[in-house]
Each structure stands twice: as C-alpha cells, then as structure tokens.
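Let me begin by presenting the structure, written as structure tokens, before commenting on it.
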Amino acid sequence: MNDKINNKIVGTWILVSAVLETDNNCLPLFGKNPEGSLIFTKEMRFNVILNDPDVPKFSTEDRSQGTYEELKAATTGSLALYGTYKVDEQGDFASQHIIGSTFPNWNGLDRSTSQLRLERNEDLLTENLILGLNTRVIITWQLIE
C-alpha cells in the first residue's frame, strides 16, 4: 500500500450506463435499467458487479435447480470480476489483472490500455473495452465516494 501514489480512479463508483457498440448499432447491456458498482482501492485492487435487476426470479429458492431459461437469463444478466490494477505516473489507469470472474474465460486475464481504457472527467469515469474490430463496450460510472 502506497498512499503517495497519484491515483485518479480510486474510489467507489455506481453504474450510469452500459452499452455495446457494433458498427453503427448501440445496444443496452444488462437491461433497460442496469445496476452495478465498481470499486478501486488504494491498495490497487478492484471489484466490479454488473446486474440487470429485471431478470425474472427463479421458480425455486435453490439456484442450482433453476431451469435452462432461468439460468441463461441470470448468466447473461450479470457479470462480476475482481483483481488488481495499476496506474501510470499521472495517476491514470494503466492495466488490470483479472483474478476471478463469473465469465471464466477472463480468469487470469491481463488487460493494458490497448484493450481497456478508463477516462475520468470530474465525477464520471468512462470505460472503453475493445472486443474486436468495430466492437466495444462503453460503461459510464459516477463517483459516490
């Protein structure tokens, strides 16, 4: 832990919007009213939770007994990941290492600014995740503390 590091992204953020841009299309992610939180700690750890609060409840209280449709909706309607991150000398986001994710393909993944860019403008943080040619996820967060 180094309290002297200039870190422009440290804090607790809440989700404002999440969209997938492909060519000229813009599709909402995590439903019409997405919810989520993002936490960057001064110890250089992060946690992200994204959720579609409108996913229907399961017909059972045991989530392992959900139907195919219920499990698919729950999987596509949520994402969580955690790991470590680095900032550069100016305090801007430099990279992240995903330790774990509800999308197992991301476990152990490292991302630099060529794949993921975070830009802060006052109390808003815009995340640009490049998924492929002309395809990206844009997530906007608002600082709450």
Side-chain angles (χ1 to χ4, degrees), residues 5-88 90-145:
I5 291 177
N6 181 21
N7 187 338
K8 295 178 183 173
I9 60 174
V10 71
T12 301
W13 305 80
I14 57 169
L15 185 64
V16 174
S17 66
V19 297
L20 174 68
E21 280 190 358
T22 60
D23 295 320
N24 293 325
N25 294 321
C26 187
L27 306 168
L29 291 174
F30 306 104
K32 295 178 183 176
N33 302 297
E35 294 180 352
S37 68
L38 168 63
I39 300 169
F40 286 111
T41 71
K42 62 183 178 181
E43 294 83 15
M44 309 307 284
R45 309 278 298 181
F46 76 91
N47 294 292
V48 181
I49 300 171
L50 297 160
N51 183 52
D52 178 353
D54 298 321
V55 169
K57 290 184 178 186
F58 283 26
S59 58
T60 176
E61 292 301 314
D62 182 352
R63 73 183 208 152
S64 71
Q65 299 300 312
T67 66
Y68 172 81
E69 291 78 17
E70 290 169 336
L71 292 166
K72 182 177 180 184
T75 300
T76 58
S78 62
L79 177 67
L81 55 143
Y82 63 95
T84 60
Y85 73 100
K86 294 180 182 176
V87 293
D88 62 18
Q90 291 77 39
D92 294 314
F93 173 82
S95 65
Q96 79 175 179
H97 172 72
I98 299 171
I99 295 171
S101 173
T102 56
F103 180 54
N105 296 25
W106 286 358
N107 292 341
L109 182 66
D110 292 307
R111 289 189 179 129
S112 67
T113 54
S114 63
Q115 298 100 16
L116 177 63
R117 286 176 282 141
L118 279 76
E119 299 174 17
R120 182 170 180 177
N121 184 2
E122 297 186 18
D123 68 344
L124 292 179
L125 184 69
T126 302
E127 181 176 344
N128 286 278
L129 174 61
I130 308 302
L131 297 178
L133 188 61
N134 300 323
T135 304
R136 67 184 179 150
V137 171
I138 302 171
I139 301 176
T140 304
W141 304 93
Q142 182 170 16
L143 184 66
I144 59 170
E145 67 176 72

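Residues take their numbers from the sequence shown, with the count starting at 1.
You'll find the side chain of L143 reaches within 4.5 Å of the side chain of R120, heavy atoms only. By the 4.5 Å heavy-atom criterion applied to side chains, L38 and I139 are not counted as neighbours. At least one side-chain heavy atom of V137 sits under 4.5 Å from a side-chain heavy atom of L131.
Atom CD1 in I144 sits 11.0 Å away from atom CG in D123 (nearest 0.5 Å). Separating the CG atom in N7 from the CZ atom in F40 is a distance of 8.5 Å, to the nearest 0.5 Å. Once rounded to the nearest 0.5 Å, the distance linking OH of Y85 with CG of L116 reads 13.0 Å. Here CG of D92 is found 9.0 Å from CD of E119. Values are rounded to the nearest 0.5 Å. Between the CD1 atom in I138 and the CZ atom in R117 there is a gap of 9.0 Å [rounded to 0.5 Å]. Distance check: F103 CZ to I98 CD1 gives 10.0 Å after rounding to the nearest 0.5 Å.
Applying the side chain to side chain donor-acceptor pair (under 3.5 Å) rule to pairs touching residues 93-104 yields Q96-R111, H97-D110, sequence neighbours excluded.
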Please list every donor-acceptor pair under 3.5 Å in which a side-chain atom of residues 10-33 meets a protein atom from a residue at least two apart or in another chain.
| from | atom 1 | to | atom 2 | distance (Å) |
| --- | --- | --- | --- | --- |
| W13 | NE1 | I9 | O | 3.0 |
| E21 | OE1 | R136 | NE | 3.1 |
| E21 | OE1 | R136 | NH2 | 3.1 |

Distance-only criterion, 3.5 Å: show the donor-acceptor pairs between side-chain atoms of residues 45-57 and protein atoms not counting sequence neighbours.
| from | atom 1 | to | atom 2 | distance (Å) |
| --- | --- | --- | --- | --- |
| D52 | OD1 | D54 | N | 2.9 |

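For E127, the side chain to side chain donor-acceptor pair (under 3.5 Å) test picks out W141, with sequence neighbours left out. Not a single ring pair (Phe, Tyr, Trp, His ring centres under 6.0 Å) links Y82 to another residue, sequence neighbours left out. Applying the side chain to side chain contact (heavy atoms under 4.5 Å, CB included) rule to D62 yields the partners T60, S64, Q65; only residues at least two apart in sequence or on another chain are considered.
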Test side-chain contact (heavy atoms from CB on, under 4.5 Å) applied to V87 and N6, step by step:
CA-CA 8 Å; V87 293; N6 181 21; over 6 Å; no
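More than 12 heavy atoms of other residues, nucleotides or ligands shown are found within 6.0 angstrom of CD on Q90.
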